[in-house]
Amino acid sequence: WEGGIGIGPTPLKSPLTLEAIATKLDVRLKSVSPPPLSVEEITRGKVLAERIAQDAGSREIAEKLSQVGGVTVRRERAARLSDEITGAIARQATDADLVDLRLAYRDSLDAVTKAERRAREEALSILAVDSPMQLRDYGETLAKLPETERAAANEALDWLGRIVGHRPEQAGPVRVDVLLNTPRDGRAWCDARGVHLTPGTDAGTAVHELSHLLEDRVPGWHEAARAFLAHRVGAEPMQPMGSGYGADEFGRDDDFAKAFGHRAKYVGKHYDRETEITAMGLEKLYRDPAGLAAEDPEFARFLVGVLRGTLR
């Protein structure tokens, strides 16, 4: 029939994938959840949890981070004004009233942006290390990026380059390659070639993707991230990621929602090797340092320990 699949000796003109054949047969293939974490992985997670609890330096820094900013109050005001605008439209308020509300809302968003910038600067002064690790663009890839994406990448690299501590066993600088690609699905990504930014990428997203690279290329970081994931999710069954993801993509919520909201399952996303722990964690630390430290102190202490080298 269509596609060249024949009976008996009829040749296959264009072999189809198993999924395509199943579609022809009107068979729905069921995705199979990956196996749970091993006892060994969970044990390593427990060992790491003890180290986090005993790391007084990371606890002190995380407590300082929880107090930076004043961002939350400004976000709450912006949210209230947004609700007021929605209500005013529903009750058919006058144009003059709507103009005043929208101007106030715009001002509130500006206040949020300024507060976030101040919080980031204050957090950076707390997180900065005395002996930072060198992140080097050996291939001079940054110079080839368009201005907007180059600025985002440079801001991310400057931030990471001041808070990632160097350890004696680190042979030399960490290579970073930042490329610009047409989106595969609207998202930036990281692979063996480096970080792939998409048009319009902001600094927070660049931090996220560069953090994947750090987890992969800095000795001890990957193992620490895997152990922290194991500590947090334990034997929790994996669940499909849901709408917008492939049938073979699974995650675990733990209680990541207290800091990451609806993105909790993505923090606990399953991969055969890498994790989203470092990338999601450092992106949150960049965007909302006080929020992460206040809402999930253990996660913040873990990140501080890994950044400073005490947990890797």
Side-chain angles (χ1 to χ4, degrees), residues 48 51-52 55-69 71 115-137 142 151-176 178 190 194-195 201-225 228 259-260 267 275-312:
L48 178 68
R51 292 178 62 195
I52 294 171
D55 191 343
S58 294
R59 183 186 303 110
E60 180 182 353
I61 291 172
E63 288 174 353
K64 290 180 180 178
L65 288 173
S66 69
Q67 299 168 25
V68 303
V71 177
E116 287 176 339
R117 187 179 300 114
R118 287 195 301 270
R120 200 150 47 236
E121 292 170 354
E122 188 176 347
L124 184 57
S125 68
I126 295 170
L127 289 166
V129 295
D130 293 332
S131 181
M133 183 177 294
Q134 294 184 51
L135 308 178
R136 185 168 297 174
D137 178 22
L142 287 170
N154 277 325
E155 182 175 338
L157 282 168
D158 178 68
W159 186 75
L160 289 168
R162 295 170 65 183
I163 66 176
V164 180
H166 182 270
R167 293 187 60 182
E169 61 270 29
Q170 176 71 31
V174 175
R175 175 171 184 148
V176 294
V178 186
C190 180
V195 169
T201 295
D202 66 2
T205 301
V207 165
H208 180 111
E209 300 306 334
L210 286 163
S211 298
H212 276 301
L213 187 149
L214 290 173
E215 184 179 303
D216 181 66
R217 297 184 180 180
V218 176
W221 200 317
H222 166 72
E223 292 79 5
F228 185 73
F260 296 90
V267 181
T275 79
E276 288 290 342
I277 291 295
T278 302
M280 290 293 289
L282 289 184
E283 181 183 356
K284 177 73 173 180
L285 190 62
Y286 173 83
R287 295 188 189 275
D288 186 13
L292 177 62
E295 294 156 3
D296 197 336
E298 184 186 51
F299 206 139
R301 293 199 302 270
F302 164 73
L303 290 173
V304 171
V306 173
L307 287 168
R308 299 176 73 81
T310 58
L311 294 178
R312 57 175 161 89

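Note that CG of Leu65 and CG of Leu292 are 8.5 Å apart. Values are rounded to the nearest 0.5 Å. Atom CG of residue Leu127 and atom OH of residue Tyr286 lie 13.0 Å apart, to the nearest 0.5 angstrom. With values rounded to the nearest 0.5 angstrom, Lys284 atom NZ is found 10.0 Å from Asp296 atom CG. A distance of 12.0 Å separates NE2 of His208 from CG of Leu213, quoted to the nearest 0.5 Å.
Residues Phe228 and Leu311 are not in side-chain contact: their nearest non-hydrogen atoms beyond the backbone lie 4.5 Å or more apart. Side-chain contact between Pro132 and Arg162: absent, with no pair of heavy atoms (C-beta onward) separated by less than 4.5 Å. In this structure, Val129 and Leu307 have side chains that are not in contact, with every pair of non-hydrogen atoms separated by 4.5 Å or more. Contact check for Leu210 versus Val178: side-chain heavy atoms found under the 4.5 Å cut-off. A heavy-atom distance below 4.5 Å is found between the side chains of Trp159 and Leu285.
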Q | Criterion side-chain contact (heavy atoms from CB on, under 4.5 Å) on Asp55 and Arg308, from CA distance to verdict | A | CA-CA 11 Å; Asp55 191 343; Arg308 299 176 73 81; over 6 Å; no
Q. Which is it for Val306 and Thr278 under the side-chain contact (heavy atoms from CB on, under 4.5 Å) test, yes or no, and what are the steps along the way?
A. CA-CA 9 Å; Val306 173; Thr278 302; 5.7 Å; no
Q | Worked check of side-chain contact (heavy atoms from CB on, under 4.5 Å) between Val195 and Val176 | A | CA-CA 8 Å; Val195 169; Val176 294; over 6 Å; no
Q.
Pair Arg175, Arg136 - check side-chain contact (heavy atoms from CB on, under 4.5 Å), show working.
A. CA-CA 5 Å; Arg175 175 171 184 148; Arg136 185 168 297 174; over 6 Å; no
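Ion pair Lys64/Glu60 flagged as a salt bridge, since at least one NZ, NE, NH1 or NH2 atom sits closer than 4.0 Å to an Asp/Glu carboxylate oxygen.
Nearest heavy atoms, Arg301 versus Ala62: CG-CB, 3.7 Å. The heavy-atom pair separating Arg287 from Thr205 by the smallest distance is NH2-N, 3.2 Å. Between Ala152 and Thr201, the closest heavy-atom pair is CB-O, 3.4 Å. Considering all non-hydrogen atoms of both residues, Ala279 and His212 come closest at CB-NE2, 3.5 Å. Across every non-hydrogen atom of Ala290 and Val68, the tightest pair is CB-O, 3.2 Å. Contact record, Val71 with Ala119: CG2-CB, 3.8 Å, taken as the closest heavy-atom pair.
Under the 3.5 Å distance criterion, the side-chain polar atoms of Asp137 are matched with a main-chain donor or acceptor of Leu142. In terms of modelled atom types and a separation under 3.5 Å, the side chain of Arg51 and the main chain of Thr310 share a donor-acceptor contact. With hydrogens and angles disregarded, a donor-acceptor distance shorter than 3.5 Å links the side chain of Glu215 to the backbone of Thr275.
Ring geometry, Phe260 versus Phe299: the interplanar angle falls from 30° to 60°, so the pair is classed tilted.
With hydrogens and angles left out, the side-chain atoms of Ser211 and Glu283 include no donor and acceptor closer than 3.5 Å.
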